[in-house]
Amino acid sequence: MKKRLLAGLCALAMTLGLTGCMRTQEHSTTIFAMDTVMTLSVYGPDQDALKNVLSTFTELIYQFQNGLSATREGSLIDKINTARGHFTLIGTQDAEMWEDALALCERTGGALDITAYPAVKAWGFHNDEYRVVPEEERGELVKKIDYTQVKLSEELNGKPAVTVPEGMEVDLGAVAKGYLGDRLRENIAHNQEHWPVTSALLDLGQSTIVAVGARPDGSPWRIGIQDPAGQDYLGVLELTDQSMGSSGNYQRYFEEDGVRYGHIIDPHTAAPADSGLAGVTVVADSALLCDGLSTALFVMGLEEGAAYWEEYRDFEAIFIEENGNITITPGLKEDFSLQPGEDREVRVLE
Ligand code: ADP
Ligand code: MG
């Protein structure tokens, strides 16, 4: 009752042009999920509504994580990977995610491949028990990587189901946070009546960031771009109503005999990608596209990645090479700036 009265007074105040009731509120939460720290911040006129949004999102993220963890026994991914070639039922919404993920594998010519998991495991990236995989073993692993062997079907009583041939394994780790980011953005857009959110910054662990609208004062969100070679940010990227995804060899890696081995696998060699890049950031509307492409471009390297951008031009990117050189696509010319004191040159593609 009280709430309704308040809402009524606010409506009256708005009509009279008094904006006091409309002051933008903020609510933030930090959670640990999907192996990373996530910080979600939402803004809007009603604090209770903002709290509701974030508790719903937290629940949703935990559920999503439990289904998609490749290492968790009994998760959907684990069921598919241990089904010995039989179909495993998936939810209707999940079917969309599998379709999108497979489409991205195809679109990147297999640089992104959701069946790279046997190689991820062989190198120990799934449990941090790292080892350098000998060449002969890699040759065997390459044969187990082929996303075209993943079958998505309506076979089980009209319900969607997934299967991979025995011996092969899937892992959606390279696209899951992006898919989740798009779902959260949709959720905000579709629930404006229940919980008005005027803007939001959903940081799903630095590697995927979803910016909904602009900051409450109307200025763009400012996101620090990590220097792969150090602890600091090398620059700032301004985002408004866009998503961003980053991949690099600084997030999860091990070193042996002076060589760094990162967690992104080149599906053609079954070894950590060694393309000369240290990090890639992708900006686009879809967080799934950003997440999938940042992984794929990291595998491709600068030259092939730049040619790929040239062909599609439906995303923007920042390429950071191991030697520290930075190349950006022209759409980021105004939005990306180096930190004060950084004197490297930024090359802009044409
Ligand atoms: P993050 O997990 O930090 O967001 P990415 O989005 O780049 O980083 O995903 C990397 C993860 O995806 C790896 O940890 C591994 O599980 C999986 N992976 C590694 N290489 C590939 C690849 N070429 N294609 C698809 N998935 C990959
Ligand atoms: Mg990715």
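Just follow the structure's listing: the first ligand is 1, and inside any ligand the first atom is 1. Worth knowing before you read on, the calculation uses all heavy atoms, side chains too, and leaves out hydrogens, waters and symmetry mates.
Atom OG1 of Thr208 sits about 4.0 Å away from atom CG of Asp291, to the nearest 0.5 Å.
Aromatic ring centres of Tyr130 and Trp123: separated by at least 6.0 Å. Separation of the Tyr253 and Tyr261 ring centroids does not fall under the 6.0 Å cut-off.
The Mg ion (ligand 2) forms the vertex of an angle spanning OD1 of Asp291 and OG1 of Thr295; to the nearest 10 degrees it equals 180°.
Using a 4.0 Å cut-off between a side-chain N of Lys or Arg and a carboxylate O of Asp or Glu, Arg215 and Glu26 do not qualify as a salt bridge. The pair Arg344-Asp227 meets the salt-bridge criterion, with a side-chain N (NZ, NE, NH1 or NH2) lying under 4.0 Å from an Asp/Glu carboxylate O.
In this structure, Thr29 and Lys51 have side chains that are not in contact, with every pair of non-hydrogen atoms separated by 4.5 Å or more.
Nearest to atom 1 (P) of ligand 1 by heavy atom, out of Met34, His126, Lys177, is Lys177. The nearest non-hydrogen atom to atom 16 (O) of ligand 1, considering only Asp171, Val120, Thr108, comes from Asp171.
The protein heavy-atom contact nearest to atom 23 (N) of ligand 1 is Ile265 O, 2.8 Å. Summary of contacts: the protein heavy atom closest to atom 25 (C) of ligand 1 is Asp113 O, 3.1 Å. Protein heavy atom in closest approach to atom 26 (N) of ligand 1: Ala174 CB, 3.3 Å.
Every N/O-N/O distance between Ser294 and ligand 1 stays at or above 3.5 Å. The shortest N or O to N or O distance between Val299 and ligand 1 is not below 3.5 Å. Annotation: Ser246 places no N or O atom under 3.5 Å from an N or O atom of ligand 1; distance criterion only.
Which parts of ligand 1 touch Leu112 is read off a 4.0 Å heavy-atom cut-off, strictly below it: atoms 24 (N), 25 (C).
With a 4.0 Å cut-off on non-hydrogen atoms, Gln251 touches ligand 1 through its side chain and not its backbone. Only the backbone of Ala111 comes within 4.0 Å of ligand 1, counting heavy atoms alone; no side-chain atom from C-beta on gets that close.
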